[in-house]
Amino acid sequence: QVQLVESGGGSVQAGGSLRLSCASSRTTYRRDCMAWFRQAPGKEREGVAAFDGVDRTTYADSVKGRFTVSQDIAKMTLYLQMNSLKPEDTAMYYCAADTVGYGCGSLVLHWYNIWGQGTQVTVSS
């Protein structure tokens, strides 16, 4: 079963940038539908950005124009470039894969069956 490992989280001031990485354990390419989710303390996990493994991306309204999801197939890695960060972006960020494909491109949590351990992002004002 594929495993996902996130990295790149940290602490940054408002207006700053971070790039999160999600490395897949796959050794050969397979199109997986991928997404980033986040969960702030006391809140439900929410979808942030999804990538269908080809060219379609989906973003939550709260991050449109600030976050960009992309994939490096050669490195089997998914990225989330986060610019103009706000304190409300503070959360644990999770990478997820939908290896079945029913929810490809979706930000609906239950479609995703493989999850990473998360990486913390903290934005101070």
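Everything numeric here is computed off the predicted structure, so don't read it as measured data. Hydrogens, waters and symmetry mates play no part in the numbers below; they use all other heavy atoms, side chains included.
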From CA spacing to verdict: side chain to side chain contact (heavy atoms under 4.5 Å, CB included), Leu107, Tyr59: CA-CA 8 Å; Leu107 293 177; Tyr59 296 96; 5.8 Å; no
Verdict with reasoning, Gln1 to Ile114, per side chain to side chain contact (heavy atoms under 4.5 Å, CB included): CA-CA 9 Å; Gln1 177 166 301; Ile114 307 293; 3.4 Å; yes
From CA spacing to verdict: side chain to side chain contact (heavy atoms under 4.5 Å, CB included), Lys43, Arg38: CA-CA 10 Å; Lys43 294 188 177 181; Arg38 66 186 181 187; over 6 Å; no
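Side-chain contact between Leu109 and Trp115: present, with at least one pair of heavy atoms (C-beta onward) separated by less than 4.5 Å. Side-chain contact between Leu20 and Val121: present, with at least one pair of heavy atoms (C-beta onward) separated by less than 4.5 Å. Two residues are said to be in side-chain contact when any heavy atoms from C-beta on lie closer than 4.5 Å; Ser17 and Gln81 meet this criterion. Looking at Leu4 and Tyr94, their side chains never come closer than 4.5 Å, going by heavy atoms from C-beta outward. Between Met82 and Arg19, the closest side-chain pair of non-hydrogen atoms is not below 4.5 Å. Counting only heavy atoms from C-beta outward, the side chains of Tyr79 and Cys22 never approach each other to under 4.5 Å. Between Phe51 and Arg56 the shortest side-chain heavy-atom distance does not fall below 4.5 Å. In this structure the side chain of Trp111 never reaches within 4.5 angstrom of the side chain of Val100, judged on heavy atoms.
In this structure, Thr77 contributes its side chain and Lys75 its backbone to a donor-acceptor pair below 3.5 Å. The backbone N or O of Gly53 lies less than 3.5 Å from no partner atom in the side chain of Arg31, so there is not a single donor-acceptor pair. Proximity of a side-chain donor or acceptor of Asp32 to a complementary backbone N or O of Met34 within less than 3.5 Å is not detected. Listed for the Thr58 side chain is a donor-acceptor partner under 3.5 Å among the backbone atoms of Gly105. Looking only at distances, no side-chain donor or acceptor of Tyr93 sits under 3.5 Å from a matching main-chain atom of Leu80. Looking at Glu6, its side chain does come within 3.5 Å of a backbone N or O of Gln117 through a donor-acceptor pair.
To the nearest 0.5 angstrom, Ser24 atom OG is 9.5 Å from Gln3 atom CD. Note that CG of Asn83 and CG of Asp89 are 10.5 Å apart. Values are rounded to the nearest 0.5 Å.
Closest of all the heavy-atom pairs between Met76 and Arg26 is CG-O, 3.6 Å. Looking at every heavy atom in both residues, Asp52 comes nearest to Val54 through OD1-N, 2.8 Å. For Ser106 against Ala50, the heavy-atom pair with the smallest separation is O-CB, 3.5 Å. Scanning all heavy atoms of the two residues, the minimum distance from Ser125 to Pro87 falls at CB-CG, 3.9 Å.
The hydrophobic cluster containing Val12 also contains Phe67, counting ILVMFWY residues as joined when their side-chain heavy atoms lie under 4.5 angstrom apart, directly or transitively. At a threshold of 4.5 Å between side-chain heavy atoms, the hydrophobic network of Ile, Leu, Val, Met, Phe, Trp and Tyr places Tyr102 and Tyr112 in one connected group.
Of the options Thr122, Thr90, Val63, Leu18, a side chain to side chain contact (heavy atoms under 4.5 Å, CB included) to Leu85 is made by Leu18 and by none of the others.
A donor and an acceptor atom, one from each side chain of Asn113 and Thr99, are located under 3.5 Å apart.
Within 6.0 Å of CD in Glu88 there are more than 12 heavy atoms belonging to other residues, nucleotides or ligands.
Geometrically, Arg45 does not engage Phe37 in a cation-pi contact defined by less than 6.0 Å to the ring centre and at most 45° from the axis.
Asp61 has a carboxylate O that lies under 4.0 Å from a charged side-chain N of Lys64, or vice versa, which qualifies the two as a salt bridge.
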